[in-house]
Visitor: 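Quick one: this structure, given as structure tokens, is what I'll be asking you about.
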2 protein chains.
Amino acid sequence: MSLRYALLAILRVGPLSGYDLQKQFSQSVGHVWHAPDSQIYPELRKMEAAGLVEGEEQARGERGTRRVYHVTDAGDRAYLEWMQSPLDYQRVRDPAHLRAAYLENTTPDAARAFLRAHIAEWEGELEQWEGELVRIDALGNPMLVRRLAVTPEEDRERTIAYKRFAYEGLVERARGEIAWARRGLALVDRLNP
Amino acid sequence: MSLRYALLAILRVGPLSGYDLQKQFSQSVGHVWHAPDSQIYPELRKMEAAGLVEGEEQARGERGTRRVYHVTDAGDRAYLEWMQSPLDYQRVRDPAHLRAAYLENTTPDAARAFLRAHIAEWEGELEQWEGELVRIDALGNPMLVRRLAVTPEEDRERTIAYKRFAYEGLVERARGEIAWARRGLALVDRLNP
DNA sequence: GTCCACATGTAATCAGTTACATGATTGA
DNA sequence: TCAATCATGTAACTGATTACATGTGGAC
């Protein structure tokens, strides 16, 4: 259900076509909430059916069309209500820690391969998120720029500060996972001299 | 798909009925991979259909029956293969960090409420996982005891060490989330003097 | 004329959630 | 006899994944 509000958060800044929305999405919220276009288009239609957004068909060249969506009042209210409502936390379901708890069932080499892959995975994420932090500071993120353009001067600091805050949290998590897996590698060595 | 291997990990130690499996599950792997009984029973049936486990109907009192499952050779092989295979990482989908990135869209009070709820959520998890660590050290976990009983002496250290390792990782993650949210609270105060 | 970006979907499947549903056994 | 625990599911639904499917516009 969060996808809906992630999309609203972007559309609230200004109308976008499904295609543009999807691009902005993958460059901003997409770092926190992944969704492929095959999920975004149908979701937009559902949101329209629910009265949260409205799409306007626009001509594009001779025959082409594109559908530009904007948030309705009802959509805006729904978004703000969601921001006020308690988040529903999913129950833990963590395949990496699941496997880690049973590493004695496999070979030292397989254990090492798993831990190295874990490090590689989180280093990839870390790079993305650190990149996002750099872009936030440099105002290099198109979504953020669009956002700040319609934000009153006195609220800009807030906007930037919360973005930084969110990504800092992700960066710390990635570092934590990497450090943990490195300790795991040392543990495998210690247990298999 | 991890549920299947989480169940195999427990059943490999020795046969259990669906009911007992579910109890052991919730007291051990359940801390890392949640699953309700309504998911476990059908999954066992599917695993049986796939030849990974076999169930034997046992009498229980006059009319009652219970179905006791054990892992087949194919199940054992499938488990060991899974342990050797690369883990498939899910794409990020983190509602808390999603909301954090847009906290400027709501009131300071709602932002604080969100962050406090985040802290409470992770303190709950932390307590569970720290409890698990204590039980591991005290050999107070029934699943682990059952496990160690069928583990050769020289592998016990391994078994315990990897359990500790997995739960330590979770504990650190929880502490990280709590620290992050506390910094968030300070940020809200700073931005709204 | 061909390639890349623009533009928008459908269909099948899967994993997980919630709610519903039922009944037997054991011990106080 | 009553409650707790043992014991096992089904059904409807939701959110997400994967694969498939189709066509236009503009630049080189």
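Computed from heavy atoms alone, side chains included, the values below leave out hydrogens, waters and symmetry copies.
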Visitor: Nearest-nucleotide wise, let me know which of B/T65 and A/W33 is further upstream toward the 5' end of DNA chain D.
Guide: B/T65
Visitor: Whether B/R173 and B/E177 form a salt bridge (side-chain N of Lys/Arg under 4.0 Å from carboxylate O of Asp/Glu) is what I want to check.
Guide: yes
Visitor: Rounded off to whole Å, could you give me the OH-to-C1' distance for the B/Y41 and D/dT10 pair?
Guide: 14 Å
Visitor: If only side-chain N and O atoms of B/R67 are considered, is one of them under 4.0 Å from the OP1 or OP2 phosphate oxygen of D/dT8?
Guide: no
Visitor: Measure from OH on A/Y19 to P on C/dC4 and round the result to the nearest Å.
Guide: 13 Å
Visitor: Starting at CE of B/M1 and ending at C1' of D/dT17, how long is that distance when rounded to a whole Å?
Guide: 14 Å
Visitor: Look at all strands and tell whether A/R60 reaches a base, only sugar-phosphate, or nothing, counting heavy atoms closer than 4.0 Å.
Guide: base
Visitor: Tell me which nucleotide among D/dT8, C/dT8, C/dT17 gets nearest to the side chain of B/P36.
Guide: C/dT17
Visitor: Whole-Å distance between D/dG15 C1' and A/Q90 CD?
Guide: 10 Å
Visitor: Are A/V68 and A/L44 connected in a single hydrophobic cluster, I mean Ile/Leu/Val/Met/Phe/Trp/Tyr linked by side-chain heavy atoms less than 4.5 Å apart?
Guide: no
Visitor: In whole Å, I'd like the distance from the CD atom of A/Q39 to the P atom of C/dA11.
Guide: 17 Å
Visitor: If you measure from the Lys or Arg side-chain nitrogens to the Asp or Glu carboxylate oxygens, is any gap between B/K23 and B/D20 under 4.0 Å?
Guide: no
Visitor: When the nearest nucleotide of DNA chain D is assigned to B/R91 and to A/R63 on a heavy-atom basis, which residue is associated with the more 5' position?
Guide: B/R91
Visitor: Can you check whether any acceptor in the base of D/dT18 is under 3.5 Å from a donor in the side chain of A/S38, or vice versa?
Guide: yes
Visitor: Taking for each residue the nucleotide of DNA chain C bearing the nearest heavy atom, is the 5' side occupied by A/P42 or by A/R66?
Guide: A/R66
Visitor: Write down the distance between CG (A/D88) and P (C/dG16), rounded to a whole number of angstrom.
Guide: 16 Å
Visitor: Any side-chain N or O of A/K23 below 4.0 angstrom from OP1/OP2 of C/dC6?
Guide: yes
Visitor: Considering only NZ, NE, NH1 and NH2 on the basic side and carboxylate oxygens on the acidic side, decide whether A/E104 and B/K163 come within less than 4.0 Å.
Guide: yes
Visitor: Can you confirm whether more than 12 heavy atoms, excluding those of B/Q58, are under 6.0 Å from its CD atom?
Guide: yes
Visitor: How close or far is atom P of C/dA7 from atom CG of A/L21, stated in whole angstroms?
Guide: 12 Å
Visitor: What is the distance, to the nearest angstrom, from the CD atom on B/Q58 to the C1' atom on C/dA24?
Guide: 16 Å
Visitor: So A/K46, base contact, sugar-phosphate only, or nothing? Heavy-atom distance under 4.0 Å.
Guide: nothing
